[in-house]
Amino acid sequence: MKIFLLGYMGSGKSYIGKRLSDKLGYDFLDMDNQIEEKEGKSISEIFDKKGEVYFRKLERRTLEELIQREEPAVISLGGGTPCYGDNMELIKNASDITSFYLKLNITNLTDRLDKEKEHRPMISHLEDREKLEEFIRKHLFERGFYYNQSNHVISCDEKSAKEIIEEISEKLG
Ligand SMILES: Nc1ncnc2c1ncn2[C@@H]1O[C@H](COP(=O)(O)OP(=O)(O)O)[C@@H](O)[C@H]1O
Ligand SMILES: O=C(O)C1=C[C@@H](OP(=O)(O)O)[C@@H](O)[C@H](O)C1
Ligand SMILES: [Mg+2]
């Protein structure tokens with residue numbers, strides 16, 4: 001059994017994923033950490049030095065490896081992972097994966113990301129909150145199509161990590 005966490009940047013995939021794995025006693029794997037370890041570079045350095053297309057190819061290869069793993073694990077994807085090529089089809093077709101979309105509204109995503117843009121190259125260039133919000137609105141409209149194909153949608157607005165983890169655990173039965 002593998003649990004995949006999907007959602008926009010800042011939705012809490014990495015934060016919730018680690019804590020959920022502790023609760024379940026599963027391994028925790030984070031797409032971005034896997035990529036950083038492989039390359040020996042930070043995500044920002046990879047974008048800077050090699051470009052986004054190189055990153056998306058690495059992300060695809062790493063997704064294939066994570067899907068092939070047989071041991072139980074909680075796996076936090078990057079915000080863009082399900083949204084390129086047929087990545088979401090791969091996730092949906094794997095019989096041992098249950099996927100959760102951690103859904104937040106645009107205001108809450110903007111609040112969070114305004115404070116932590118620096119290590120996120122997709123948004124680090126946006127100068128002010130207004131530009132960030134406008135970017136998120138458009139981007140989320142495009143990406144929601146993929147996120148909504150998850151097995152479960154968890155509304156995370158105004159919920160603590162504990163509440164979100166309880167909700168996920170209930171769905172897992
Ligand atoms: N339920 C929550 N309530 C408040 N803050 C949260 C919650 N979940 C995550 N965060 C915070 O939101 C920020 C983004 O979380 P992160 O796990 O890095 O997102 P992602 O991996 O989806 O980009 C972090 O500062 C994290 O501590
Ligand atoms: O949404 C995206 O395209 C990205 C999200 C990031 O992960 P988080 O969602 O964990 O920030 C990281 O994979 C990279 O910066 C690209
Ligand atoms: Mg993350």
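One-based numbering, in listed order, for ligands and for the atoms of each.
For E163, the closest heavy-atom approach to ligand 1 does not fall below 4.0 Å. Distances shorter than 4.0 angstrom do not occur between any heavy atom of G79 and any atom of ligand 1. Residue contact check for ligand 1: A161 places a non-hydrogen atom closer than 4.0 Å to it. Residue contact annotation: H119 has no non-hydrogen atom under 4.0 Å from ligand 2.
Heavy-atom contacts of S14 reach the following atoms of ligand 1: 17 (O), 21 (O) (cutoff under 4.0 Å). Using a 4.0 Å cut-off to heavy atoms of S160, the atoms of ligand 1 that qualify are 1 (N). Atoms of ligand 1 found under 4.0 Å from any heavy atom of Y8 (numbered from 1 in listed order, with element): 22 (O). Less than 4.0 angstrom separates some heavy atom of G78 from each of these atoms of ligand 2: 7 (O), 9 (O), 13 (O). Near I164, the atoms of ligand 1 lying under 4.0 angstrom from a non-hydrogen atom of the residue are 1 (N). Residue K159 has at least one heavy-atom neighbour below 4.0 Å for each of these atoms of ligand 1: 1 (N), 2 (C), 3 (N). The I43 neighbourhood of ligand 2 comprises atoms 14 (C), 15 (O), with distances under 4.0 Å to a heavy atom of that residue. Against a heavy-atom cut-off of under 4.0 Å, M9 is close to the following atoms of ligand 1: 23 (O).
Only one option out of L126, L109, D111, I106 pairs with L132 in a side-chain contact (heavy atoms from CB on, under 4.5 Å); it is L126. Of the residues listed (L90, I75, I91), the one engaging L66 in a side-chain contact (heavy atoms from CB on, under 4.5 Å) is I75, and it is the only one.
E142 has a carboxylate O that lies under 4.0 Å from a charged side-chain N of K138, or vice versa, which qualifies the two as a salt bridge. E52 has a carboxylate O that lies under 4.0 Å from a charged side-chain N of R56, or vice versa, which qualifies the two as a salt bridge. E89 has a carboxylate O that lies under 4.0 Å from a charged side-chain N of K92, or vice versa, which qualifies the two as a salt bridge.
Evaluated by nearest non-hydrogen atom to atom 1 (O) of ligand 2, the leading choice among R120, R143, E36 is R143.
Of the N and O atoms on the side chains of N151 and T98, not one donor lies less than 3.5 Å from an acceptor on the other residue.
Between G12 and ligand 1, at least one N/O pair is under 3.5 Å apart. In terms of polar-atom proximity, defined here as any N/O pair under 3.5 Å, F55 makes no such contact with ligand 2. At under 3.5 Å, a nitrogen or oxygen of R56, whether backbone or side chain, sits near a nitrogen or oxygen of ligand 2. Ligand 2 has no nitrogen or oxygen under 3.5 angstrom from a nitrogen or oxygen of L77. Below 3.5 Å of separation, one finds an N or O of G10 facing an N or O of ligand 1.
With hydrogens and angles ignored, the 3.5 Å screen pairs no side-chain donor or acceptor of S124 with any backbone N or O of E118. Under the 3.5 Å distance criterion, the side-chain polar atoms of K18 are left unmatched by any main-chain donor or acceptor of F28. Side-chain N or O atoms of S150 include none that pairs as donor or acceptor with a backbone N or O of V153 at under 3.5 Å.
Looking from atom 7 (C) of ligand 1 to the surrounding protein, the closest heavy atom is R112 NH2, 3.3 Å. In this structure, the protein non-hydrogen atom closest to atom 24 (C) of ligand 1 is E116 OE2, 3.4 Å. Of the protein's non-hydrogen atoms, the one nearest atom 10 (O) of ligand 2 is D32 OD2, 3.5 Å. Atom 18 (O) of ligand 1 has its closest protein heavy atom at R120 NH2, 3.2 Å. The nearest heavy-atom contact from the protein to atom 8 (N) of ligand 1 is Y15 CD2, 3.4 Å.
Taking 4.5 Å as the limit, every side-chain heavy atom of M9 sits out of range of all side-chain heavy atoms of R112. Looking only at side-chain heavy atoms (C-beta outward), E39 and K49 stay at 4.5 Å or farther from each other. K103 places none of its side-chain heavy atoms less than 4.5 Å from the side chain of Y147.
Atom CD of E70 is surrounded by 12 or fewer heavy atoms from other residues, nucleotides or ligands within 6.0 Å.
Not a single N, O or S atom of Y15, from either the backbone or the side chain, sits less than 2.8 Å from the Mg ion (ligand 3).
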message: Using side chain to side chain contact (heavy atoms under 4.5 Å, CB included), reason through L63 and L77 one step at a time and then give a plain yes or no.
response: CA-CA 8 Å; L63 176 67; L77 299 182; 4.1 Å; yes

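Counting heavy atoms under 4.0 Å from ligand 2, residue K13 touches it through the side chain alone. Under 4.0 angstrom from ligand 2, the non-hydrogen atoms of M122 all belong to its side chain.
Stacking of R19 on the aromatic ring of Y15 is recorded, both the 6.0 Å distance cut-off and the 45° axial limit being met.
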